[in-house]
Amino acid sequence: MPTADPTAHGAGAPTVPPPYRVVDHIVGHLADEVGVRHLFGVHGANIEDVFDAVFRAGRIEAVLAKHEFSAAAMADGYHRAGNRLAVVAATSGGGALNLVPALGEAYASRVPVLALVGQPPRASEGRGAFQDQSGLGGSVDAGAVFSGVSRFCARVESAEAAEKLLPLAVQAALGEPRGPAVLLLPKDVQQATAALRPARLPAVGAPGPTGGETGGETGGETGGETTRGREPADCAGPAADALEQARRAGAPVLVVAGAEVVRSDARRELARFVTALGAWVTVEPDAKDAFDNHDPRLSAWPGSSATPACGTAWSGRRCASWSAPGSPRRPRPGWRTPCRDGRWSA
């Protein structure tokens with residue numbers, strides 16, 4: 001009897017590598033160039049290829065939620081806790097629309113979230129496709145919906161466009177002002193196998209643009225550098241003069257910490273600064289974790305939701321130091337004018 005070729009099937013058979021698809025390029029770029037380690041989302045027909053690429057790559061952990069709003073809120077909190085670019089993935093239709101309120105909050109709070117939103121194949125757009133959001137044939141226009149809650153929104157129409165638009169979306173999310181970026185990904189484009197350049201493997205231990213240990217060449221372009229390793233900034237100028245005057249006069253100082261303290265992971269620097277000044281601290285609403293909430297020097301936060309304790313802290317200070325741009329500067333009605341002498345704001 002003829003014997004079977006042992007290499008024809010089973011362990012001895014040569015393995016053919018799977019095709020390199022657009023979704024593989026997206027996942028590889030985010031993992032190797034940007035330092036993404038987690039992706040939040042909800043599975044669905046028009047986004048399943050992204051989750052498949054995440055599983056194949058093995059370098060990003062998918063965190064599945066039961067609702068798209070929850071997934072996007074988790075991504076938002078993930079950035080606030082770890083200062084990395086947050087990524088959320090959802091399918092088209094109602095799943096995509098469920099992202100909107102969470103992305104709106106991220107937009108208002110300047111939290112960088114990259115949303116990968118699946119769409120039906122291009123050939124079926126405007127022709128009654130399931131969950132069509134192309135804006136054609138009377139369907140919902142996803143681009144118009146997401147443009148209002150994002151710094152960047154683009155529909156990816158080809159594999160070549162994906163290679164160009166992905167770094168632009170990351171740059172927009174991490175640039176100033178930070179915020180969500182949205183890529184609308186038709187299913188056939190996700191599966192396309194055009195000759196894309198595989199993502200460059202990072203140098204081990206190289207700092208990435210999100211503060212993680214990656215090797216991204218785009219770190220300087222995305223605006224995501226952290227405070228670690230920086231030389232101390234020159235403190236000369238009006239701010240230092242005002243603080244010196246307050247110190248000499250024995251006047252108390254109130255430091256108002258903004259959200260940039262959290263985004264830059266500068267909590268320790270803030271604590272040392274406050275200790276050196278012997279100052280009180282208040283925080284803006286989006287920076288409630290910028291300073292130890294149990295520290296007796298914390299005087300709640302300013303703005304329309306401020307507590308009377310914060311108003312009391314404001315009223316007696318001769319110098320206020322604002323630690324970040326965009327902090328609320330309008331006191332609650334009824335407060336006395338704060339920081340009458342030597343006030344400095346930046």
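Computation of the quantities below employed the complete heavy-atom set of this structure, encompassing side-chain atoms and omitting hydrogens, waters and symmetry-equivalent molecules.
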Under 3.5 Å, side chain of Glu61 to main-chain N/O of His38, donor-acceptor pair present? no

Pairs involving residues 89-148, ordered by first then second residue, that meet ring-ring contact (aromatic ring centres under 6.0 Å, His included) (sequence neighbours left out): none

Inter-residue atom distance Arg37.CZ - Ile60.CD1, 0.5 Å rounding: 7.5 Å

Test your reading of the model: is there a side-chain donor-acceptor pair from Arg122 to the backbone of Glu157, 3.5 Å cut-off? yes

Donor-acceptor pairs under 3.5 angstrom involving side-chain atoms of residues 40-48: please list them, not counting sequence neighbours.
from	atom 1	to	atom 2	distance (Å)
Asn46	ND2	Ser92	OG	2.9
Glu48	OE2	Lys187	NZ	3.1

Check step by step if side chain to side chain contact (heavy atoms under 4.5 Å, CB included) holds for Val170 and Glu33. CA-CA 10 Å; Val170 172; Glu33 301 285 346; over 6 Å; no

For the student: nearest non-hydrogen atoms of Arg155 and Ser134, plus distance: NH2-CA, 3.4 Å

May I ask you to decide whether Glu284 forms a salt bridge with Arg110, counting only side-chain N to carboxylate O separations under 4.0 Å? no

Can you list the residues that meet the side-chain contact (heavy atoms from CB on, under 4.5 Å) rule with Ala169, with sequence neighbours excluded? Leu114, Phe152, Ala181, Leu183

Smallest heavy-atom separation, Pro112 atom then Leu85 atom, equals O-CD1, 3.7 Å

Is the backbone N or O of Ala81 less than 3.5 Å from a side-chain atom of Asn83, with the two atoms forming a donor-acceptor pair by type? no

List the atom pairs, donor and acceptor, that lie under 3.5 Å between side-chain atoms in residues 62-70 and the rest of the protein, sequence neighbours left out.
from	atom 1	to	atom 2	distance (Å)
His67	ND1	Phe69	N	3.0
Glu68	OE1	Asn98	ND2	2.9

Judged by atom type as modelled, is there a donor-acceptor pair below 3.5 Å linking the side chain of Asp76 to the main-chain atoms of Ala73? no

Less than 4.5 Å apart, side chain to side chain, heavy atoms only: is that true for Val87 and Leu116? yes

Taking C-beta and beyond as the side chain, do Phe51 and Leu39 meet within less than 4.5 Å on heavy atoms? yes

Report yes or no: does Glu125 contribute a side-chain atom to a donor-acceptor pair with the main-chain N or O of Leu136 at less than 3.5 Å? no

With sequence neighbours excluded, what pairs up with Arg297 under the salt bridge (charged side-chain N to carboxylate O under 4.0 Å, His left out) test? Asp295

Can a donor-acceptor pair be found, under 3.5 Å and without considering hydrogens, that links the side chain of Arg151 to the backbone of Arg178? yes

Start with the C-alpha distance between Val22 and Leu185, add both sets of side-chain angles, then the distance that settles side chain to side chain contact (heavy atoms under 4.5 Å, CB included), and finish with yes or no. CA-CA 10 Å; Val22 167; Leu185 301 167; 5.5 Å; no

Taking Arg84 for the side chain and Gly35 for the main chain, is one N or O donor matched with an acceptor at less than 3.5 Å? yes

Taking ILVMFWY side chains as joined if any heavy atoms are under 4.5 angstrom apart, and letting links pass through other members, which residues group with Phe55? none

Derivation and outcome, side chain to side chain contact (heavy atoms under 4.5 Å, CB included), residues Gln190 and Ile26: CA-CA 9 Å; Gln190 296 179 47; Ile26 291 173; over 6 Å; no

Asp49 side chain to Gln191 backbone, donor-acceptor under 3.5 Å: no

Heavy-atom closest contact (Ala106 atom, Val113 atom, distance): CB-CG2, 4.1 Å

